[in-house]
2 protein chains.
Amino acid sequence: MQYQADVTIELKSGMLDPEGTTIKRALEHLGYETESVKTAKKYTIDLQSENIHAARETVEEMCQKLIANPIIHNYSISLRELQ
Amino acid sequence: MQYQADVTIELKSGMLDPEGTTIKRALEHLGYETESVKTAKKYTIDLQSENIHAARETVEEMCQKLIANPIIHNYSISLRELQ
């Protein structure tokens with residue numbers, strides 16, 4: 001079966017987010033007030049797997065071994081079957 | 001009212017995504033086969049606005065003026081009211 005995983009990698013709370021701070025400041029210069037701007041990365045991964053449980057396990061392993069840094073990142077996985 | 005916007009910035013189809021290609025290859029080295037890996041940025045913006053329509057308009061303007069590059073990016077906005 002073909003699955004698509006959306007993996008979102010966010011900075012843990014308390015971690016500095018200089019890109020977010022820079023965008024907040026740039027928006028202020030353009031006249032847009034915001035309370036906060038936080039950045040995250042999204043990875044859309046298409047993969048083959050036997051079933052959705054195996055697919056989730058595989059993507060969890062990918063996150064733990066490569067995509068996320070557990071010291072500074074939280075990650076979340078949203079998975080769906082492609083027809 | 002307080003709103004939170006999730007802005008997702010994706011590369012238009014056909015644009016090269018070297019980071020995605022690199023991650024796909026690194027996953028292969030670790031033994032994980034994937035069909036494709038695509039990267040995107042997510043910005044979570046908290047802002048005050050009169051109502052949800054005005055909030056959406058403001059975030060649209062932010063995307064067009066600063067956050068997205070219309071030549072290479074598609075963007076989508078998901079907006080919700082914070083209590």
Side-chain angles (χ1 to χ4, degrees), chain A residues 1-11 13 17-50 54-69 73-76 78-79 81-82, chain B residues 1-11 13 17-50 54-69 73-76 78-79 81-82:
Chain A
M1 310 284 263
Q2 179 85 8
Y3 295 94
Q4 185 166 75
D6 277 337
V7 177
T8 305
I9 308 284
E10 292 175 320
L11 287 164
S13 75
D17 182 352
E19 186 185 352
T21 308
T22 303
I23 289 175
K24 184 179 189 311
R25 207 173 314 142
L27 287 170
E28 274 165 25
H29 283 297
L30 292 173
Y32 299 107
E33 283 298 323
T34 59
E35 309 290 304
S36 74
V37 179
K38 285 181 195 155
T39 64
K41 283 294 292 192
K42 201 181 98 181
Y43 299 96
T44 303
I45 302 172
D46 287 11
L47 73 163
Q48 304 273 357
S49 195
E50 268 179 45
R56 178 170 294 277
E57 207 168 293
T58 303
V59 177
E60 284 271 359
E61 284 179 27
M62 291 174 179
C63 289
Q64 285 163 19
K65 289 189 186 170
L66 183 80
I67 298 173
N69 176 346
H73 294 143
N74 288 326
Y75 64 87
S76 60
S78 149
L79 205 67
E81 192 181 321
L82 297 180
Chain B
M1 310 283 264
Q2 179 85 7
Y3 295 94
Q4 185 166 75
D6 277 336
V7 177
T8 304
I9 309 284
E10 291 175 319
L11 287 165
S13 75
D17 182 353
E19 187 184 352
T21 308
T22 303
I23 289 175
K24 184 179 188 313
R25 205 172 316 139
L27 287 170
E28 273 164 26
H29 283 298
L30 292 172
Y32 299 107
E33 282 298 323
T34 59
E35 309 290 305
S36 73
V37 178
K38 285 182 196 153
T39 63
K41 282 294 294 193
K42 202 181 100 181
Y43 298 95
T44 303
I45 302 172
D46 288 10
L47 72 163
Q48 304 272 358
S49 194
E50 267 178 45
R56 179 169 294 277
E57 207 168 295
T58 302
V59 177
E60 284 272 358
E61 284 178 26
M62 291 175 179
C63 288
Q64 286 163 19
K65 290 190 185 168
L66 183 80
I67 298 173
N69 176 346
H73 294 143
N74 287 328
Y75 65 86
S76 60
S78 149
L79 204 67
E81 192 182 321
L82 298 179

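So that the names make sense, note that chain A is the first sequence line, chain B the second, and so on, each numbered from 1.
- Legend: residues meeting side chain to side chain donor-acceptor pair (under 3.5 Å) with B:Glu33, ordered by chain and number and at least two apart, are absent.
- Atom-to-atom distance recorded for B:Tyr32:OH and A:Ile67:CD1 is 10.0 Å, nearest 0.5 angstrom.
- Highest contact tally toward chain A, considering only B:Leu47, B:Thr44, B:Leu27, is held by B:Thr44 [criterion: heavy-atom pairs under 4.5 Å].
- For B:Glu19, the salt bridge (charged side-chain N to carboxylate O under 4.0 Å, His left out) criterion is met by A:Lys41, not counting sequence neighbours.
- Heavy-atom pairs under 4.5 Å with chain A peak, among B:Gly20, B:Ala40, B:Ala5, B:Ala26, at B:Ala40.
- Considering only heavy-atom pairs separated by less than 4.5 Å from chain B, the leading option among A:Gln48, A:Glu35, A:Lys65 is A:Glu35.
- Heavy atoms closer than 4.5 Å to chain A are found nowhere in B:Ser49, neither backbone nor side chain.
- The distance from the CD1 atom of B:Ile45 to the NZ atom of A:Lys38 is 12.0 Å, given to the nearest 0.5 Å.
- The parts of B:Ile23 that come within reach of chain A are both its backbone and its side chain, each placing non-hydrogen atoms under 4.5 angstrom from that chain.
- Between chain A and the residues B:Ile9, B:Thr39, B:Thr58, B:Asp6, the most heavy-atom pairs under 4.5 angstrom are made by B:Thr39.
- Only the side chain of A:Leu30 comes within less than 4.5 Å of a heavy atom of chain B; its backbone N, CA, C and O stay farther away.
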